[in-house]
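Below is one structure, written out as structure tokens; comments come after it.
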Amino acid sequence: MSDLNTAMIEKYRSSFLKEVEANVEEGEWVKMCMQCGVCSGSCPLGKHWDHPPQEIFMMIRANKRDEVLSTDSMWMCTSCYNCISRCPRGLPITHIMHGLAVYSKRLGLTQKQQPTAQFSQIFWDNLMKKGRVNELKLGLSIYFKDGFGQGVKNAMANQKLGQNMMKAKRMNAMEFFSGHSVKDLSGFQKMVKKAQEIEAGNIKDFK
Amino acid sequence: MAKIELSFYPGCSSQKGATSSNYLVSAQTMCEELDIQLNEIPDWNCCGASIGYGGGGELPRLALSARNIALSEEHNSGQEIVATCAACWLSTREAKERLHEDEQMFKDANAALSEAGLKYKGEANVRHMVEVLVEDIGFDTIKSKVKKPLEGLKIAGYVGCQTNRPFGIAGESFENPQYLDKIVESVGAESIPGYEKKVQCCGGALAFSEPEKSQEMIKGIIEAAYDNGADMIVTPCPLCQANVEIYQDNINEAYGTKFNMPVVYYSTLMSVAFGRSAKEAALDGQVIPAKQLQEIADK
Amino acid sequence: MADEKKFAGYVCTGCGLGERLDAGQLETTATRDGKMQSCKQHEMLCSAEGVQMIKDDIANDGVTHVMIAACSRRAKVEAFNLTDVALTRANLREGVIWVRPDTDENRETTQEMADDYIRMACAELKSMSKPAASAEQSLNKNILVVGGGITGMTAAIEAAAAGYPVHLVEKNGALGGALGGYYKVIPTRSPYDAPAENPVPGMVEAIEASDNITVHLNSTIAKTDGAPGRFSVEVATESGSGETLSIGAIVQASGWKLFDAGKLPEFAYGKTPDVVTNHELEALAVAANGGPIKRPSDGKEVKSVCFIQNAGQCSDKEGHLSYFSGVTDLVSIKQAMYFKELNGECDTTILFDNLRTPGAGGEDFYRAGQQAMVTFSKGIASEVVPGDSLTVKFEDKILNEETEMACDLVVLATGMEPNSGPDPYAQLMVDEAEDEEEKAKAKAALENAPPSILNLQYRQGTDLPHLKNGFTDSHFICFPYETRRTGIYSAGPVRRPMDAQQARDDATGAALKAIQAAENAGLGRAAHPRSGDLSFPSFRKEGCTQCKRCTVECPFGAINEDEEGYPMYNESRCRRCGTCMGACPVRVISFENYSVETVNQQIKNCEIPEEWDEKPRILVLACENDAYPALDQAAQAGVEINPWARVIPVRCLGSVSLSWVTDALNNGYDGIVMMGCRRDDDYQCHFVRGSAMAAERMSKVGDTLDTLNLEPERVILHEVAITDVERAPQLINDMAETVEKIGLSPFKF
Ligand code: SF4
Ligand code: SF4
Ligand code: SF4
Ligand code: SF4
Ligand code: SF4
Ligand code: SF4
């Protein structure tokens, strides 16, 4: 049998679905989708998704593992919860999208330049440092995420915005040096580390 | 009316010097007038917001909120947790529900929390400030406290996503919630119940990572307010407020529009209407000044 | 009955009638014009006291005919249920004061309307007599059930449980029907999450144990003669012996036939034994005997299976079924769960285009299938390629791609066809075909007609009339169990495609209907929709020209012909629609309380003002089932109706005699509006064909108008539904406008 044929035959087997059930947040819901398409029609950035949620659910069932895990579609989710509130089957679509995004990232299949993937990591790292988000540093890290040169450009482009914010006392340059923090920082960090360990331990190997 | 005591979760963006510090100021003013006492959760941490998932995954993210709830249960025992930020409320409430439904997750979260010497029980109610206003205070009470009705103002109530979905306010529809309009009416201004973009997504955190795509949506939100003759937009969500207010320059540049639409919090409206000063209402926190409110406050 | 007739009128002044109308004047109209021997007023006629007043007059003064001038005949029916007299009602409330504005300038026309309705009611009453059963019947409680599948068994069990002796006739050697050989059935109880135990064996036991049920196996119906309450049925057995049964009412539960999957070569049916139908899969599941289901070709345990939904159904391809069988999606979910139960890690895919899971638990069962990891793929199969492993080619409708999958077994969800007898109107369809194509189709249908099931000895054919696709006809919306042969009820998949539970519900309904029909026949009462009516049609033999129109047009096959060729009424088959009366060209058919004359008198006794008065008159003939109630509701809602209108309720538009139209025009009416129910394939006519018959007859009214030199717009026929609350009055008002435009009729005297 040719490779193509084997690939075809592998389709419509439920092994990837089982993987999603085991390793993706709320993944056990995927099989309950009835393919009505309401989620796709409700998604605010829908037109920018290569594969809107309904299609992703179908692709999972059709065993299209690589295509699902390498698409950047789920990173387009703004967490607006429109889909959840409308899905007639009550699927927690938002969380499944988040879960798929994270799973793809965990497996190293997310493209390096995916801006939301990058931003979310920067956000998380920022949050991990002090237990609270330091918006100024967050902003700067975003501007400089593509290297120093691009960073200056980005920062210049948004200079006016920053100035406006400072004027309104909603951005504080002093934060760069101090900023807010939780007091029990070590306890906080230990807690998160433990949670990460538990989560990593729960991942089942499917390859 | 008896004093209401709440365990308050302000969230990162409300901190001093942060994007929605003005929300906190006006919310506190509003609460003083309504006899609500806010007891901040000691040593609270960030909830992860709607974007934290990408770096944190599931359990670490849930652990963040579990820690806040555990701290509240320990220090503000017996009090309901209230948040002013939509993402804070959502994350915290979601964490509580998930840990309630999933026993393993409950155990895992507590295993993580024990590293910080904390224990999560999941007994405290998690609410949004708006719920307190609508359900506990009521529109009539709000009306009765008004000293300077915001007459002549037409205000588009922009509810946005996360205050509205997936939990929302009891008795309201996801597609056309009415409570914000009722607050607007209660403080003497004119509401726009049919405002088309009332629950449109502003892009949320993707305003940072996908600015063009988000700004296209924000443009629609502001445009519809203009089309309906609004003087300003009011919102209950800090990210909505920031996204809709601060990118108007960029949008004007990209689309050739001339937007200059103030975007305020309901708490700002109420503080002004309750007769408090512009500063107490945090009007100085506007990037686009709300001149008409300023005038009423200064009267 | 006492020969002396005594006419009494009663005018109600309640409900605002007294304020809006001059009651004294109404009384005068009733006695002077209407020739009532007495007339009384009451301030609330429907009160116990008011009704007692009438009853006293009946008891003490020998009143035999009562005219009540109050609210609509559809209001206060219970209060005015005076069974011992001929009764008519002048509708002054819904018909007059509620549809006219309460202003001074309208007072005169409003009073005129009311006076007219009183005149009309009195005139009607004059030509009525009190209906009474013919006493032709006697009670026969035996119920015949034809068909021993799940439907027939249920009907038998239910009827027997209600105390009615049942004869259950089954052509095969055992009870159980198609379902009898099934592994499990679609769940019928919450939580609807797994296939349920087959109920058939338990039912067979119950039937065998029942003293009230006589089972006739290997038997068919050779002949059915008579009418409800007195059917004479010959049961023939395979061995040639026969038995004649005396039966009160019949349930036909002849079930369904398998679609011939041989018509689906693209799915390799017949080319490999590993492509089976839903029906055939049941046998494989039973044969598995609790172990894994094996494929027929080599006995290999099935590791992957694909269900192809809508195989040969919901399709406009030649030879396919154009309709959906309703249950096949649920059936496939059920069978997919067999694999999950018996075959372990078996990949189970259902390829669907539209997944329809009707019924209370349908959606839950679908979810249960998803829970059990059945893969539901929205895809349309185009081909099955046979081989060691079967290849199913299909279009994935979500991912928009042509793709394929391999599996060990393919199951085709084919449709259900009714197992009905030949359509008695098949010949008529040939005769009435409008073009050659239609004619050819009708001829083919006639030639391929199945053998008779009931062998009715009716003038109108041997079996129940069909609606579409061979399913038996019934009034879908209002009384689905009724067929077009009174006292014979079809139930189960012969009526429409359905699953076992629906068939059981259906059978229960039909059994109760059959019981009701037997009881009604015993009392000489009509069945739905004129339930309880004791009047029945009779014809004046001397006048009859033996034209046979009544026998042909009766929608219910109630009329046979005697040896001389005269109509022979079987009143317990009759539904009292009056279609025969409307059809008779020499007007010799009548009921005691409804006849050509009763309506004609109403038409004639409405006062037609002189031409110079400029007060037109519009005659409205409204079907009492839908149009008249719609007008009543309109009145309730305060919708205005033109003051020139005079509305006469009719039993069915089918009962309308062309002579009413001609006479009305000759009498100077300016316009005529007829309102009946919808009459196409999705008909709403309560008598099935009445409205259609009327439309056909009225197509000839043009000639009459021509001869009278009148404009064609003066007579119009509308389809009106009971929900047309705004529209029905509008249609009347439209006619008023038309009359204004074209001018008054020249036929005023
Ligand atoms: S709305 Fe729900 S059921 Fe419909 S396609 Fe989306 S996930 Fe599936
Ligand atoms: S929550 Fe995400 S996936 Fe759902 S509609 Fe909003 S953006 Fe789309
Ligand atoms: S309901 Fe009829 S009978 Fe009774 S008072 Fe009203 S009009 Fe008269
Ligand atoms: S509303 Fe009813 S008919 Fe329409 S899609 Fe939903 S279930 Fe079907
Ligand atoms: S009244 Fe109707 S059912 Fe009865 S015999 Fe006449 S046409 Fe047939
Ligand atoms: S329609 Fe009239 S004339 Fe013709 S057969 Fe019947 S009763 Fe006789």
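Side-chain atoms are counted along with the backbone in the values below, which use heavy atoms only and exclude waters and symmetry mates.
- Using a 30° and 60° split on the angle between ring planes, Tyr265(B) and Tyr23(B) fall in the parallel class, below 30°.
- Listed options Gly11(B), Gly203(B), Cys202(B), Ser20(B) were ranked by heavy-atom pairs under 4.5 angstrom with chain A; first place goes to Gly203(B).
- Contact count against chain B (heavy-atom pairs under 4.5 Å) is highest for Leu127(A) among Thr94(A), Thr110(A), Asp125(A), Leu127(A).
- Across Ser85(A), Ser186(A), Gly131(A), Gly99(A), the residue that shares the most heavy-atom pairs under 4.5 angstrom with chain B is Ser85(A).
- Residue contact with chain B, scored on non-hydrogen atoms closer than 4.5 Å, involves the backbone and the side chain of His98(A) alike.
- Heavy atoms of Leu206(B) lying under 4.5 Å from chain A belong exclusively to its side chain.
- Asp50(A) and Glu55(A) get closest at one heavy-atom pair: O-OE2, 4.0 Å.
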Kindly list each side-chain donor-acceptor pair under 3.5 angstrom involving residues 237-244 of chain B, sequence neighbours excluded, with atom names and distances?
unit_1: Gln241(B); atom_1: OE1; unit_2: Arg170(A); atom_2: NH2; d: 2.6
unit_1: Gln241(B); atom_1: NE2; unit_2: Glu245(B); atom_2: OE1; d: 2.9
unit_1: Gln241(B); atom_1: NE2; unit_2: Val263(B); atom_2: O; d: 2.7
unit_1: Asn243(B); atom_1: ND2; unit_2: Gly204(B); atom_2: O; d: 3.1

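- Heavy-atom pairs under 4.5 Å with chain B peak, among Gln121(A), Arg132(A), Glu199(A), at Arg132(A).
- The part of Asp249(B) that comes within reach of chain A is its side chain, from C-beta onward, which places non-hydrogen atoms under 4.5 angstrom from that chain.
- If you take NZ on Lys105(A) and OH on Tyr53(B), they are separated by 9.0 Å, rounding to the nearest 0.5 Å.
- Heavy-atom proximity under 4.5 angstrom to chain A picks out Arg98(B) from residues 95-107 of chain B.
- In this structure, the portion of Arg86(A) lying under 4.5 Å from any heavy atom of chain B is its side chain and not its backbone.
- Counting heavy-atom pairs closer than 4.5 Å to chain A, the top-ranked of the candidates Pro42(B), Gly117(B), Pro166(B) is Pro166(B).
- Looking only at side-chain heavy atoms (C-beta outward), Phe8(B) and Thr84(B) come within less than 4.5 Å of each other.
- In plain terms, the two heavy atoms of Thr116(A) and Ser209(B) that are nearest each other are OG1-OG, 2.9 Å.
- Of the atoms belonging to Lys47(A), it is side-chain heavy atoms, and not backbone ones, that fall under 4.5 Å from chain B.
- In this structure, chain B has a heavy atom under 4.5 Å from the side chain of Ala101(A), while its backbone stays farther away.
- Of the atoms belonging to Gln114(A), it is side-chain heavy atoms, and not backbone ones, that fall under 4.5 Å from chain B.
- Looking only at heavy-atom pairs under 4.5 Å with chain A, the residue among Ala116(B), Ala112(B), Ala282(B) that has the most is Ala112(B).
- Residues His95(A) and Glu58(B) bring no donor and acceptor atom of their side chains to less than 3.5 Å of each other.
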Item to check | Derivation and outcome, side chain to side chain donor-acceptor pair (under 3.5 Å), residues Ser277(B) and Glu280(B) | outcome: CA-CA 5 Å; Ser277(B) 73; Glu280(B) 288 165 318; 3.1 Å; yes
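- With a 4.5 Å cut-off on non-hydrogen atoms, Cys77(A) touches chain B through its backbone but not through its side chain.
- No more than 12 heavy atoms of other residues, nucleotides or ligands sit less than 6.0 Å from atom CD of Glu253(B).
- When heavy atoms are compared at a cutoff of 4.5 Å, Phe167(B) does not approach chain A at all.
- Glu25(A) has a carboxylate O that lies under 4.0 Å from a charged side-chain N of Arg61(B), or vice versa, which qualifies the two as a salt bridge.
- Neither side chain, Lys258(B) nor Asn252(B), offers a donor N or O lying under 3.5 Å from an acceptor on the other.
- In this structure, Arg67(B) fails the cation-pi test against Trp44(B), since its NZ or CZ atom is not both closer than 6.0 Å to the six-membered ring centre and inside 45 degrees of the ring normal.
- Between the side chain of His48(A) and the main chain of Met76(A), no donor-acceptor pair closer than 3.5 Å is present.
- Taking the six-membered ring for Trp and thresholds of 30 and 60 degrees, Phe208(B) and Phe119(A) have ring planes inclined between 30 and 60 degrees apart.
- In this structure, no portion of Leu118(B) lies under 4.5 Å from any heavy atom of chain A.
- Using a 4.5 Å cut-off between heavy atoms, Lys190(A) touches chain B through backbone and side chain atoms alike.
- Remark: side-chain polar atoms of Asn23(A) are not paired, donor with acceptor, to backbone N or O of Ile203(A) under 3.5 angstrom.
- The most heavy-atom pairs under 4.5 Å with chain A, out of Ser50(B), Gly56(B), Ser21(B), come from Gly56(B).
- Chain A forms more heavy-atom pairs under 4.5 Å with one residue of Cys201(B), Ser214(B), Ser114(B) than with any other, namely Cys201(B).
- Heavy atoms closer than 4.5 Å to chain B are found in both the backbone and the side chain of Asn82(A).
- Ionic pairing of Lys204(A) and Glu19(A) is not present here: no N-O contact between side-chain nitrogen and carboxylate oxygen is shorter than 4.0 angstrom.
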